Protein chains: 2
Amino acid sequence: MKPADDVERIQREMTVFARRARAAAGRMHPELSLVSYTLLGHLEESGGCRATDLAAHYALDKSTVSRQVAALERAGLIERRPDAEDQRVLVLHLTEAGRRILAQVTESRRAAFRERLADWPAEDLARFADYLVRYNAGPAPGRHDQGPTARTPD
Amino acid sequence: MKPADDVERIQREMTVFARRARAAAGRMHPELSLVSYTLLGHLEESGGCRATDLAAHYALDKSTVSRQVAALERAGLIERRPDAEDQRVLVLHLTEAGRRILAQVTESRRAAFRERLADWPAEDLARFADYLVRYNAGPAPGRHDQGPTARTPD
DNA sequence: GGCGGGTGGTTGGGTTATGCAACCATAGAA
DNA sequence: TTCTATGGTTGCATAACCCAACCACCCGCC
């Protein structure tokens with residue numbers, strides 16, 4: 001099979017996945033949208049970061065992230081701490097409640113995933129994850145985002 | 001690495017991909033949203049299908065698909081042909097214009113993908129695509145969709 | 001010390017995508 | 001025929017986005 005075909009398959013299947021994941025997330029956890037969940041996950045993984053970092057990483061507008069973050073804060077799942085280095089910056093951290101909810105949803109999602117991935121060899125699973133990471137590590141298509149020296153889009 | 005960790009990585013990276021793809025799609029092809037593009041792609045691949053099939057496949061609501069389809073028809077990219085077997089059914093087909101646009105966008109997207117996937121061994125590419133297909137082929141998490149004998153969600 | 005550009009964040013405004021529920025038409029079984 | 005299930009459409013409310021305007025702060029430079 002030609003690589004170009006694989007590229008198309010990748011695009012298509014990724015989209016299918018995304019759509020279903022969104023639907024499933026909304027269905028399973030009305031309290032935590034897929035985006036919110038993802039943001040929380042990112043916070044946990046990064047151990048706290050700025051709103052701008054989130055925006056860059058997910059190719060979202062500042063304002064969108066700002067609102068999402070505000071909602072998460074209102075819900076008591078994260079807190080914003082001023083940065084000592086830079087007064088403009090608000091570093092986002094998970095609260096205990098946030099950590100708890102996140103773990104809960106993660107576990108629930110994981111269970112669902114595990115079910116459908118049950119018959120996958122661990123090796124394939126790892127390789128699949130590696131592929132995704134590798135893919136996303138590259139520059140975003142048609143848009144510059146993320147990265148230490150991310151420049152503003154326009 | 002534990003499989004559970006890989007499962008989480010997969011979820012997270014898929015989401016990142018989805019977000020960026022959406023952003024990039026909107027930026028590159030204002031005329032054709034990511035969803036529309038995907039629907040067209042599905043039509044081409046399937047050689048015509050019902051709106052319900054699309055909804056099931058992408059875990060979208062009937063109404064959402066109905067509107068998207070209506071928009072695509074207004075844009076002259078698809079046409080709805082009554083099914084001889086079942087008068088309720090409208091089979092969706094790509095028009096010439098639709099086929100053309102689709103090819104155009106596909107090529108453009110493919111170029112972007114190719115760029116970032118340039119240094120991937122063809123073997124990895126194929127395997128990556130296979131993983132995605134295999135993943136999506138399974139039952140949707142938290143929701144039953146698609147499939148010959150798809151039962152209604154609720 | 002005071003300016004001016006650049007960056008982090010918020011808010012106002014408007015658009016689009018989506019889901020849910022209600023409704024119509026047709027198919028199929030009782 | 002009547003009753004139920006299925007394909008589709010439409011009304012309505014909501015959520016998520018993006019863009020642009022704006023405020024606060026950092027930094028280099030006068």
Side-chain angles (χ1 to χ4, degrees), chain A residues 15 18-39 49-56 58-74 78 80-92 143 145 148-154, chain B residues 15 18-27 30-39 49-56 58-74 78 80-92 143 145 148-154:
Chain A
T15 304
R19 295 240 55 81
R20 292 188 185 170
R22 180 196 178 95
R27 183 161 290 256
M28 293 197 306
H29 309 284
E31 304 297 315
L32 207 58
S33 78
L34 183 57
V35 188
S36 299
Y37 169 71
T38 307
L39 295 186
C49 70
R50 305 171 306 165
T52 295
D53 298 330
L54 294 177
Y58 294 104
L60 286 170
D61 191 77
K62 289 191 305 180
S63 60
T64 300
V65 173
S66 177
R67 287 181 230 276
Q68 294 281 347
V69 163
L72 289 175
E73 189 189 31
R74 272 197 301 280
I78 67 174
R80 302 188 278 188
R81 298 209 274 259
D83 184 294
E85 312 281 316
D86 189 333
Q87 288 302 92
R88 295 171 299 179
V89 173
L90 291 173
V91 184
L92 309 173
R143 173 155 192 170
D145 62 342
T149 54
R151 36 234 187 284
T152 58
D154 326 271
Chain B
T15 305
R19 295 241 55 81
R20 293 187 186 171
R22 179 196 179 95
R27 184 161 290 255
E31 303 298 316
L32 208 59
S33 79
L34 183 58
V35 188
S36 298
Y37 168 72
T38 307
L39 295 185
C49 70
R50 307 170 305 165
T52 295
D53 298 330
L54 294 177
Y58 294 103
L60 285 170
D61 192 79
K62 288 192 304 180
S63 61
T64 299
V65 173
S66 176
R67 288 180 230 278
Q68 295 280 348
V69 163
L72 288 175
E73 189 188 32
R74 272 197 302 279
I78 66 175
R80 301 187 280 188
R81 296 209 274 260
D83 183 296
E85 311 281 315
D86 188 334
Q87 288 302 92
R88 295 171 300 179
V89 172
L90 292 175
V91 183
L92 309 174
R143 173 156 193 169
D145 62 344
T149 55
R151 35 231 189 289
T152 59
D154 336 79

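Owing to the predicted nature of the structure, the values given are computational and were not obtained by experimental measurement. Letters A, B, ... mirror the listed sequences (proteins, then strands); counts begin at 1.
In this structure, A:Asp86 and B:Asp86 both approach DNA chain C, and ranking their closest nucleotides by distance from the 5' end singles out A:Asp86.
Closest of all the heavy-atom pairs between A:Leu72 and A:Ser36 is CD2-CB, 3.9 Å. B:Ala18 and A:Ala18 get closest at one heavy-atom pair: CB-CB, 3.3 Å.
To the nearest 0.5 Å, atom CZ of residue A:Arg50 and atom CG of residue A:Leu92 are 10.0 Å apart. Here A:Thr38 contributes atom OG1 and A:Gln68 contributes atom CD; the two are 9.5 Å apart, rounded to the nearest 0.5 Å. Note that CZ of A:Arg20 and OG1 of A:Thr15 are 11.5 Å apart. Values are rounded to the nearest 0.5 Å.
Counting to the nearest Å, the C1' atom of D:dT9 and the CD atom of B:Gln87 are 17 Å from each other. Rounded to an integer number of Å, the gap from CZ of B:Arg74 to C1' of D:dT10 is 13 Å. B:Glu73 places its CD atom 13 Å from the C1' atom of D:dG8, with the value rounded to the nearest Å. Rounded to whole Å, the distance from CD on A:Glu85 to P on C:dT7 is 19 Å. In this structure, CG of A:Asp83 is placed 17 Å from P of C:dT7, rounded to the nearest angstrom. Remark: P of C:dG8 and CG of A:Leu54 are 13 Å apart, rounded to the nearest angstrom. Between the CG atom of B:Leu34 and the C1' atom of C:dT18 there is a distance of 15 Å, rounded to whole Å.
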Can you build the contact string for nucleotides 9-17 of chain C? Use B for base contact, S for sugar-phosphate-only contact, and - for no protein heavy atom under 4.0 Å.
BBBBB---S
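The closest side-chain heavy-atom distance from B:Tyr58 to B:Leu39 is below 4.5 Å.
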